Each structure stands twice: as C-alpha cells, then as structure tokens.
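The next block holds one structure in the form of structure tokens; read it before the comments.
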Protein chains: 2
Amino acid sequence: MNKSLQFSSSLHESVREEISKRISQGIYVPGEPIPSTAMLSGEFGVSAITIKRALRDLQAAGMIFAVPGKGTYVKKQRRLLHHLDLRAPGRASQSKVRPMSVTREKISDPTMSAIDAPDKVMLCVRKIVLFEDAPWMYDATYVSSELDDEIVEEFRERFVVDALKRHDINVTNTRLVIDAAPASGQVAEVFGVPNGFPMLRRLYRMITTEPHITVYGVVQAPFDQLACTIDLAP
Amino acid sequence: MNKSLQFSSSLHESVREEISKRISQGIYVPGEPIPSTAMLSGEFGVSAITIKRALRDLQAAGMIFAVPGKGTYVKKQRRLLHHLDLRAPGRASQSKVRPMSVTREKISDPTMSAIDAPDKVMLCVRKIVLFEDAPWMYDATYVSSELDDEIVEEFRERFVVDALKRHDINVTNTRLVIDAAPASGQVAEVFGVPNGFPMLRRLYRMITTEPHITVYGVVQAPFDQLACTIDLAP
DNA sequence: GAGTGGTCTAGACCACCCT
DNA sequence: GGGTGGTCTAGACCACTCC
C-alpha cells in the first residue's frame with residue numbers, strides 16, 4: 001500500500017476512517033467530487049470493491065452521496081431544528097407544501113398503535129414540505145374518511161392544523177412519539193437517499209374540539225436533515 | 001433461479017425483500033437461525049456475495065443480526081417508550097446502572113452547540129442504563145470540572161438528577177434536542193450493533209438552582225430499541 | 001473437521017454523464 | 001469514447017462455533 005492507513009480491524013474500516021478524516025479536515029469539501037474509486041483504489045493500494053464498500057458505509061452515515069456517471073460528493077451539512085412549542089403545537093409555518101396523494105387506506109405502521117390509532121380505513125393525505133425548494137419533511141396525515149370533501153381539499157395545500165382552524169376546529173391535545181426508522185420505498189426516492197437510510201420521525205395524534213375529529217399522522221425526514229428541540233419547565 | 005423473486009431494480013434488493021417478507025410472515029422466527037448464506041445462495045440461485053449484501057442491509061435495518069461462526073438470527077423486536085414528562089423531567093427510575101468511565105474532556109459533538117454547551121474541559125461521566133440485564137441506553141453526562149468529588153462519585157451509580165437532589169440541588173429548566181446519528185466506536189460495541197447503526201439520541205441541558213451548576217449530556221440507544229413520547233397540552 | 005459469517009480480491013458488465 | 005458509480009460473480013482466506 002502506498003499510503004499508511006489507520007490501524008483498524010478491517011481494511012474497509014481503515015479506508016472509511018481515512019476518508020472520513022479527510023472530510024472533517026476539509027481536504028474533501030462539499031460541492032466538489034472526491035477522487036474516483038479507481039483513484040482511491042490506487043492511492044490506498046486496495047481493491048476497488050473495498051473502496052466502494054467504504055464509500056457505501058459513508059453514504060449510510062450521511063457524509064457523502066454518489067451520482068452515477070458523475071462522481072461522489074461530500075454532503076453539505078445543514079440540519080434544521082424543529083422546535084416543539086408546548087403552548088402552540090403545530091404552529092403555522094411559512095414553508096411551501098407540495099401535495100403528493102390522497103388515498104383511503106388503513107394505518108399500517110405498527111408504531112402508530114402506541115398513540116391508539118384506529119384499525120380502520122381512513123383518509124390519507126401525503127405531502128412534502130419544502131425548504132428552499134428542496135424536500136425537507138414528508139408528511140402523511142390520517143383523518144376519518146367521513147370528513148367533508150371541502151376540508152379534505154384544503155389539507156392538500158395547508159398544514160392540517162391551519163386547515164382545521166379555518167373551520168373553527170382547534171387542537172386541544174397532542175400526543176407525540178419520536179423515533180427513528182429506515183426509509184422505505186417512496187420516501188427514500190423523494191429525498192434521494194438510499195433505501196434503508198435512517199429517518200427521524202414524529203408520529204402525532206391530535207384531539208380537537210370536534211369530538212369525532214381526531215387527526216393522526218407521521219412526519220419524517222432524513223436524520224441528517226432534521227432534529228427536534230423541546231423546552232421543559234416544571 | 002429456482003425461486004421466482006420479487007420484481008425489483010436489483011438482485012440484492014429482490015433477495016432482501018423476499019427475506020424481509022418471510023420474517024414478517026413468520027416463516028423465519030426470532031430465536032432460530034435463518035438458512036445460511038450457502039443455503040440461500042442455492043435456493044435463490046444467486047451468488048453468495050449477493051446474499052451477504054442483502055443480509056447486511058437487513059442488519060442495518062435492525063431486522064436481523066449475525067453471530068460469526070454460528071448463524072444469522074431474526075431480531076426480537078422490543079422497543080421501550082420513554083415518556084418525557086413535562087412536569088417531572090428526568091424522573092427517577094428503577095433501572096440498573098453500570099458505570100463506564102469518568103474522564104475530563106471537552107464536549108466534541110457539534111450538535112451540543114445547539115444547547116449552548118461550553119467549549120471547555122469538563123467532567124464526563126459515562127454509564128450504561130440496563131433493562132432486564134441488557135444494555136438499554138448509553139449516557140454521557142458533562143458537568144463543570146470544579147464540582148465536589150463527593151457528588152461526582154454519586155454520578156457513577158445514580159442518575160444525575162437524583163444525585164443532585166440528594167444535595168438539595170434541583171433542576172429548574174431542561175432543554176432537549178432529539179435527533180438520530182450513526183453509532184460510532186465504543187457505543188456500537190456496547191450495544192453489539194454494527195458501526196454506523198442508527199441511534200436515537202436525546203441531548204439535554206439542565207439548569208439548576210445552583211447558578212454555577214449546569215448539566216449537559218447525551219443519552220442514546222439503537223433506534224429499534226427506544227422511542228420518546230410527549231404530551232402537549234396548550 | 002465441517003459449517004458459519006466476515007473480509008478481500010480480480011474481473012466483468014451495465015447505465016449514466018461529459019466532452 | 002472515456003470516465004463514473006452500481007451491480008454481480010467466482011474464488012479464496014480467516015476466525016469462530018459446534019460436534
């Protein structure tokens with residue numbers, strides 16, 4: 001090997017650590033491609049496959065991303081903090097929203113049972129919340145399928161809380177579950193992350209002033225793109 | 001190929017989906033090893049390497065784990081919900097604690113700056129919180145290094161809030177940041193998860209009745225093992 | 001000793017991008 | 001056409017576990 005590598009239990013780990021070090025040291029910078037696998041293979045004196053293995057692990061850690069046919073780039077780290085305000089939950093936001101779909105289906109996520117989601121067919125509104133024209137959060141909202149079509153139409157363009165408020169329906173109680181889960185299928189495509197990429201999720205149940213209207217949902221984003229903050233004052 | 005596989009863009013994805021399906025259908029059950037890579041390679045008619053690739057992705061998703069020399073097993077899903085009570089933050093718990101280390105160091109995690117962690121050498125107490133004798137959470141607590149040795153010693157065996165309370169020091173304000181991050185180094189070893197495995201984290205800053213005592217820290221656990229719940233009532 | 005998962009390699013093919 | 005990342009293969013070696 002041309003370059004002396006870190007001492008680590010395996011080759012691909014050593015390579016990963018070395019590349020990771022170069023990123024944190026600013027040798028590889030966001031916006032510019034890092035050397036190709038062939039170049040790195042030559043420099044480190046290891047097989048191209050081992051390089052690819054190391055790069056794939058760095059992708060899973062959110063440090064880099066690869067564009068087939070072009071190259072591998074350092075990710076620009078920009079994580080937004082979403083503050084959960086106890087007094088104004090689900091506050092309005094100036095973010096833009098891109099509607100995705102409106103369907104009728106059962107809630108399938110097992111974690112939703114932790115907030116007592118009903119096991120019946122509901123109306124599901126999916127949308128993408130944008131920040132600076134890039135996908136920031138993916139939201140799936142479930143409401144009773146007996147709701148007026150008029151309100152449902154507004155769900156596509158607005159946040160649920162805002163739409164309800166326009167009909168004098170207010171949220172009285174919100175229960176949240178915050179967890180992480182691997183991205184699957186459509187969600188992974190939307191954010192351009194590999195299948196299985198860790199997502200930070202916020203599952204919610206909102207009880208309203210209308211006894212028969214309870215809103216359930218999941219909002220999620222790649223873990224390197226979102227964090228939640230909370231203030232607790234007893 | 002002997003078996004017809006799902007239609008998916010790549011072979012290892014098809015294999016992953018098929019095995020994933022068998023787990024959710026109960027064909028492969030927790031506690032028993034799934035067929036070896038050689039067996040699966042024969043059954044699906046694909047290379048052993050492709051099988052290993054699929055299994056590695058399923059490990060990253062927390063569905064299975066592998067024991068070298070023995071076999072690959074389905075993970076028993078058991079996720080604990082940690083309820084964040086607004087009125088009694090950092091409440092006492094009957095969990096057992098295993099002390100890990102006490103050092104003096106700077107806070108290195110960049111996310112800690114979101115809760116205004118100071119950039120100076122502090123006292124760091126690391127411990128493992130156990131549940132049914134298995135590692136459940138990993139905690140790193142930072143306090144001013146000028147604290148009495150007497151209190152520091154108690155930090156090893158108790159929760160920080162409890163130790164402080166015994167000295168009539170109470171928490172007046174808590175700020176949390178909840179995020180996800182890849183496991184690295186020692187933390188990955190403690191939980192027996194592969195390097196880079198997604199961890200759910202809760203970073204905290206606790207202001208106390210003693211003006212010069214502010215407690216910082218991070219508690220984290222594998223994403224498939226922990227979730228947080230919160231109730232918001234305006 | 002046989003079986004297991006983990007690692008590493010050399011070589012090949014593809015789809016894509018850029019010039 | 002040359003470079004890129006992504007995929008797949010066959011084959012090899014190692015450390016480990018279990019019998």
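As the structure is a computational prediction, the values presented were derived from the model and not from experiment. Sequence lines set the chain letters: A, B, ... in the order given, protein chains first and strands last, and positions in each chain run from 1.
In this structure, the CE atom of B:Met39 is 8 Å from the P atom of C:dT4, given to the nearest Å. Computed from coordinates, the B:Ile34 CD1 to C:dG3 P distance equals 18 Å when rounded to whole Å. To the nearest angstrom, C1' of C:dG6 lies 13 Å from CD1 of B:Ile64. Rounded to whole Å, the distance from CG on B:Leu55 to C1' on D:dC8 is 16 Å. Note: CG (B:Asp57) to P (C:dG5) measures 16 Å, nearest angstrom. Nucleotide D:dT9 holds its P atom 14 Å from the CG atom of B:Leu40, rounded to whole Å. Between B:Glu13 atom CD and D:dG6 atom P the separation is 12 Å, expressed in whole Å. For the pair B:Phe65 CZ and C:dG6 P, the interatomic distance rounds to 12 Å; values are reported in whole Å.
A donor-acceptor pair under 3.5 Å is formed between the side chain of A:Ser36 and the backbone N or O of A:Met39.
A sub-4.0 Å separation between OP1 or OP2 of D:dG5 and a side-chain N or O of A:Lys70 is absent.
Remark on DNA chain C: of its neighbouring residues B:Ala38 and B:Arg56, the 5'-side contact belongs to B:Ala38, judged by nearest-heavy-atom nucleotide. Between A:Ile49 and B:Pro35, the residue anchored nearer the 5' end of DNA chain C, judged by the nucleotide with its closest heavy atom, is B:Pro35.
In B:Glu32, the CD atom is not crowded: 12 or fewer heavy atoms of neighbouring residues, nucleotides or ligands sit closer than 6.0 Å.
Using modelled atom types, one finds no donor on one side chain facing an acceptor on the other under 3.5 Å when comparing B:Arg126 with B:Thr141.
A donor-acceptor contact under 3.5 angstrom links the side-chain atoms of A:Lys52 to the base of D:dG6.
Of the candidates C:dG6, D:dG5, C:dC18, the closest approach to any side-chain atom of B:Pro68 belongs to C:dG6. Comparing atom distances between the A:Ser36 side chain and each of D:dG5, D:dC8, C:dT4 picks out D:dG5 as nearest. Checking C:dT9, D:dT9, C:dG5 against every side-chain atom of B:Val46, the shortest atom distance belongs to D:dT9. The side chain of A:Ala66 sits closest to D:dG5 out of D:dG5, D:dT9, C:dG6. You'll find that the side chain of A:Gln59 is closest to D:dG6, out of D:dA10, D:dG6, C:dT9.
Counting non-hydrogen atoms under 4.0 angstrom, B:Arg53 reaches the backbone sugars and phosphates but no base.
With salt bridges taken as basic N to acidic carboxylate O contacts below 4.0 Å, none links B:Glu17 and B:Lys21.
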